[in-house]
Amino acid sequence: MLNKSATDFGQIGLGLRREMLDEMLIDVPKPIEFLEVAPENWLKLGGRFGKQFKQLTEQHAFVCHGLSLSIGSPAALDIDFVQSLKAFFKEHNIRLFSEHLSYCSGEGHMYDLMPIPFTEEAIKHVASRIRQVQDILEQPIAIENVSYYGAPGQQMTELEFTNAVLEEADCQLLLDVNNIYVNSINHGYDAEQFLAALPTKRIAYGHVAGHYTEAEDLLVDTHGAPVIDPVWRLLERAYDVHGVFPTLLERDFNIPPMSELLAELKTIETLQHTANKRNQVTVKHSA
């Protein structure tokens, strides 16, 4: 099922927000090589915004990061929605689709990402739904490790659950470095050990973002602030452990001028370049 060639879209990405459209249409600045959108925000968008989006997707590489597939929900999978995604991906040449390892609906939509119980039963349920989505889309999807603030009915660790779902579903991983850091503080585990135990072969791309410090032992994943140094260091470690993978900067609100976003993207570029040089030296020494 895994097809790495389908994820060849560049090494450095940025989440596209509607307020960035005019600027991006003039020029997508370096080092941005791919853009990411939530398909729910663009599926039915017509008029000026729809034309502008189509112009961008015709000229640049795009991936989609879903918000409402609700892969862990007890409710039936929304087949019509998945079919609409398939048509949207084809129309805009979307290189990869990712979703959260969570759920956001039951009897109704909750407009939030809820934690899936870390249980054997949940593994089978979620993996089956992921396989169903992959079959309909006729392509592998990537599942993101998510931030969570409670673990109802927990029978195993987050790491055990995440790896089991990836293996059972035979899907790819969207490795969110900030989520690992946030969870490591909130739930008291070693972020580097968690990172190292993820399956390298399944990593399609990564996310890095900022968060909010509610308390010394409570971080909130907001995507509304600059990336902090410990998260940058964890990304650097990720490249050492897993090799350099495409990495996207998320910023959902409090969006600063493009110059500030580009400075963070430059940090990603520098970390990737340095990691590649280190990896080349390691290969030479081991030869």
Side-chain angles (χ1 to χ4, degrees), residues 9-42 45 48-49 52-53 55-57 59-67 98 100 111-113 144-147 174-186 191 205-216 218-239 244-275:
F9 40 74
Q11 286 296 316
I12 299 173
L14 179 67
L16 177 69
R17 301 295 171 258
R18 202 171 297 176
E19 53 265 48
M20 300 177 186
L21 268 177
D22 289 338
E23 189 171 2
M24 289 294 188
L25 283 166
I26 296 172
D27 178 49
V28 175
K30 293 181 179 180
I32 301 170
E33 295 177 313
F34 69 99
L35 296 163
E36 179 191 80
V37 294
E40 293 87 347
N41 294 335
W42 302 87
L45 197 65
R48 178 171 68 91
F49 286 132
Q52 289 177 328
F53 182 65
Q55 183 178 336
L56 277 177
T57 61
Q59 297 174 359
H60 304 282
F62 271 77
V63 298
C64 277
H65 186 45
L67 300 171
S98 63
H100 303 81
Y111 299 99
D112 205 353
L113 299 174
E144 180 188 43
N145 58 291
V146 297
S147 56
L174 166 50
L175 197 167
D176 192 304
V177 175
N178 182 64
N179 286 350
I180 294 176
Y181 180 77
V182 165
N183 289 348
S184 74
I185 299 298
N186 292 346
Y205 73 116
H207 275 174
V208 67
H211 57 262
Y212 174 72
T213 302
E214 180 74 29
E216 188 175 310
L218 178 57
L219 306 182
V220 182
D221 180 36
T222 61
H223 305 168
V227 180
I228 66 171
D229 286 344
V231 175
W232 286 128
R233 289 195 293 270
L234 193 60
L235 179 61
E236 182 178 29
R237 181 61 180 156
Y239 292 153
V244 172
F245 48 83
T247 305
L248 179 131
L249 175 68
E250 290 185 290
R251 191 65 178 261
D252 291 344
F253 69 100
N254 292 333
I255 298 175
M258 183 59 68
S259 60
E260 294 183 29
L261 296 175
L262 290 176
E264 291 194 283
L265 292 171
K266 185 65 177 178
T267 301
I268 297 174
E269 184 179 45
T270 299
L271 291 176
Q272 290 182 343
H273 178 71
T274 303

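Residues L261 and I32 have side chains not in contact (no heavy-atom distance under 4.5 Å, counting atoms from C-beta outward). Annotation: side chain of T213 is not in contact with side chain of I185 (no heavy-atom distance under 4.5 Å). Inter-residue side-chain proximity for I255 and M20 is flagged as met; some heavy-atom pair is nearer than 4.5 Å. Looking at I180 and L234, their side chains come closer than 4.5 Å, going by heavy atoms from C-beta outward. Inter-residue side-chain proximity for V37 and C64 is flagged as met; some heavy-atom pair is nearer than 4.5 Å. Side-chain contact between L219 and N186 is present, with heavy atoms from C-beta onward closer than 4.5 Å. Contact of the M24 side chain with the L35 side chain is registered, since non-hydrogen atoms from C-beta on lie closer than 4.5 Å. Using a 4.5 Å cut-off on side-chain heavy atoms (C-beta onward), I26 and D22 make no contact.
The number of heavy-atom neighbours closer than 6.0 Å to CD of E216, taken from other residues, nucleotides and ligands shown, is 12 or below. Under a cut-off of 6.0 angstrom, the local environment of CD in E260 is crowded, with over 12 non-hydrogen atoms contributed by other residues, nucleotides or ligands.
When each of F34, F53, F9 is checked for a ring-ring contact (aromatic ring centres under 6.0 Å, His included) with F62, only F53 meets the rule. Test I268, L262, T270 against P31 for side chain to side chain contact (heavy atoms under 4.5 Å, CB included) and you get one pass: L262.
With respect to the salt-bridge test (charged N to carboxylate O, under 4.0 angstrom), the residues R233 and E236 do not qualify.
A donor-acceptor contact shorter than 3.5 Å links the side chain of R251 to the backbone of N254. Of the possible donor and acceptor atoms, none in the side chain of D252 sits under 3.5 Å from a partner among the backbone N and O of G224.
Note that the CG atom of N178 and the NE2 atom of H223 stand 6.0 Å from one another [nearest 0.5 Å].
H65 and E36 share no donor-acceptor pair across their side chains, judged by distance under 3.5 Å alone.
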